[in-house]
> 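The structure under discussion is supplied below as structure tokens; questions concerning it will follow.
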Amino acid sequence: MNHIIEEDLKELNHNLSDLSDKIEGKKFLVTGGAGFLGSWFCDVLDSFGADITCVDNISSGSKRNVEHLMGKDNFHFINSGLLEFESDEKFDYIVHMASIATPPLYMKYPIETLDININGTRKLLEKARADNVKGFLFMSTSEVYGNPPDDQIPTKETFHGVVNSFGPRCMYDEGKRAAEAYCYSYYHTHKTPIRITRTFNVYGPRLDVEGTSHYGRALIKFVYQAIHGTPITIYGDGKQTRSFCYVTDQIEGLFRLLLTPGIDGEVFNVGNNREITILELAETIVKITKSKSTISLESQPNYNLKDDPRRRCPDTSKANRMFGYSPRVDLETGLKRVAECMRKNEAI
Ligand code: UDP
């Protein structure tokens, strides 16, 4: 395993040690467990001695992310789509992360994206109910807010969204919104102990192993382009903003959200609230990597900028109040780690 990931996992284990009793020996089902966030989640579970069932069909994740866990007694990898997955095992916790999350990919596979979020979530909620789980974590997204107006930035959980149900991002946005509605309904009908995270842009080692391809997300693509001295491809004018959270901060937040008592039936933003334009992000990456890349402001022919949110930034005060969430890693530090990781091991 890459030494940056090892160091980060050690740090996460240390920072979450107060929760170890709630994890050790418990049975966790993690869908999408071979994906970027799923595999980090599985690693932390493993470090605390949980029993992990990881379901993934490797459509957008990678076996490489979890291959170091294969063969361990406490790790069970099931190569299956969620809709075909069946299990008689009784789980203590269900963590539902399976979904395509990269815009060009969900635009390419719209029906699968809707199915996994709507039918997949319904199926897992039934399982959660049958198993009487202690907690059900659903990975939702800032995309449920769509394109918020300036007076809703930073965005609180109480904002209902400005979302297009009939446009290029609808399959992801509306899939996640319907899944949230299922979670809400199971909580209010059956008291299923759901907790929802609305995740903003997250980055770190293992983000998109296809980072070299045109499917890559902006941050990881820019790091790749900067390291290789090729032009940084900005879509549109580069004035659109995002807020980038380093993976360890995100994972720590998710564990606290799932395991803090008394917050069933609640939804939380988890992310980093430093808002930055995509152009500034590109400039920062060029500087940090001491790259010779030029920054190319151009609309890419294969990418649909319609409904691309102009601004995105979370208000994380609710998570801070309810479970002490506070990101630790600043953007420059996180970017240096990602760049070092990529240089050492091209396929992070
Ligand atoms: N973007 C870009 N160049 C790229 C890829 C993405 O300028 O090569 C832009 C994209 O249009 C969006 C922002 O960067 O405004 C963040 O894109 P990302 O792929 O991270 O996904 P999103 O935050 O839109 O879900």
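Whatever order the structure lists them in is the order used to number ligands and atoms, beginning at 1. FYI, the numbering just counts along the sequence from 1. Everything quoted here is computed from the prediction, not taken from an experiment.
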> Quick one: does ligand 1 sit under 4.0 Å from the side chain of Asp308, the backbone, both or neither, non-hydrogen atoms only?
side chain
> Short list, please: which atoms of ligand 1 are under 4.0 Å from a heavy atom of Ile234?
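Close to Ile234: 7 (O).
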> With heavy atoms only and a cut-off of under 4.0 Å, state how Pro103 meets ligand 1: side chain, backbone, both or neither.
side chain
> Less than 6.0 Å separating the ring centroids of Phe138 and Tyr182?
no
> For Ile278 and ligand 1, does the shortest N/O to N/O distance drop below 3.5 Å?
no
> Between Phe268 and Phe323, is the ring centroid distance below 6.0 Å?
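Ring centroids of Phe268 and Phe323 are less than 6.0 Å from each other.
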> Please say whether Tyr106 places an N or O atom under 3.5 Å from an N or O atom belonging to ligand 1.
no
> Taking only non-hydrogen atoms of Thr102, do any sit less than 4.0 angstrom from ligand 1?
no
> Using a 4.0 Å cut-off to any heavy atom of Lys221, which atoms of ligand 1 qualify?
4 (C), 8 (O)
> May I ask you to list the atoms of ligand 1 that are less than 4.0 angstrom from any heavy atom of Thr233?
2 (C), 3 (N), 4 (C), 7 (O), 8 (O)
> May I ask you to say whether Glu143 pairs ionically with Arg177, meaning some side-chain N is under 4.0 Å from a carboxylate O?
no
> How does Gln240 reach ligand 1, by side chain, by backbone, by both or by neither, if only non-hydrogen atoms under 4.0 Å count?
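The answer is the side chain.
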> Taking the ring of Phe91 and the ring of Phe28, is the distance between their centroids below 6.0 Å?
no
> For Asp315 and Asn269, test the side chains for any donor-to-acceptor distance below 3.5 angstrom and give the result as yes or no.
no
> Ion pair present between Lys26 and Asp51, side-chain N to carboxylate O less than 4.0 angstrom?
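No salt bridge links Lys26 with Asp51.
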> Any idea which part of Leu219 is under 4.0 Å from ligand 1, heavy-atom wise: side chain, backbone, both or neither?
neither
> Would you compute the distance between atom CD1 of Ile78 and atom SG of Cys54 and round it to the nearest 0.5 angstrom?
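Output value for this atom pair is 8.5 Å.
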> Using a strict 4.0 Å cut-off to heavy atoms of Glu143, name the atoms of ligand 1 that fall inside it.
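Listed by number with element, the hits are 25 (O).
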> Does NZ or CZ of Lys191 lie under 6.0 Å from the centre of the six-membered ring of Tyr187, at an angle within 45° of the ring axis?
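That pair qualifies as a cation-pi contact.
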> Could you tell me whether Asp330 and Arg274 make a salt bridge, using a distance below 4.0 angstrom between a side-chain N and a carboxylate O?
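Salt bridge between Asp330 and Arg274, a charged N being under 4.0 Å from a carboxylate O: no.
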> Take every heavy atom of Gln225, measure it against each atom of ligand 1, and state whether any distance is under 4.0 Å.
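No, that is not the case, since the closest heavy atom of the residue is not under 4.0 Å from the ligand.
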> Taking only heavy atoms of Arg312 into account, list the atoms of ligand 1 that are under 4.0 Å away from them.
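Reading through ligand 1 atom by atom, the close ones are 22 (P), 23 (O), 25 (O).
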> Which atoms of ligand 1 sit under 4.0 Å from any heavy atom of Leu305?
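Numbered from 1, ligand 1 contributes 11 (O).
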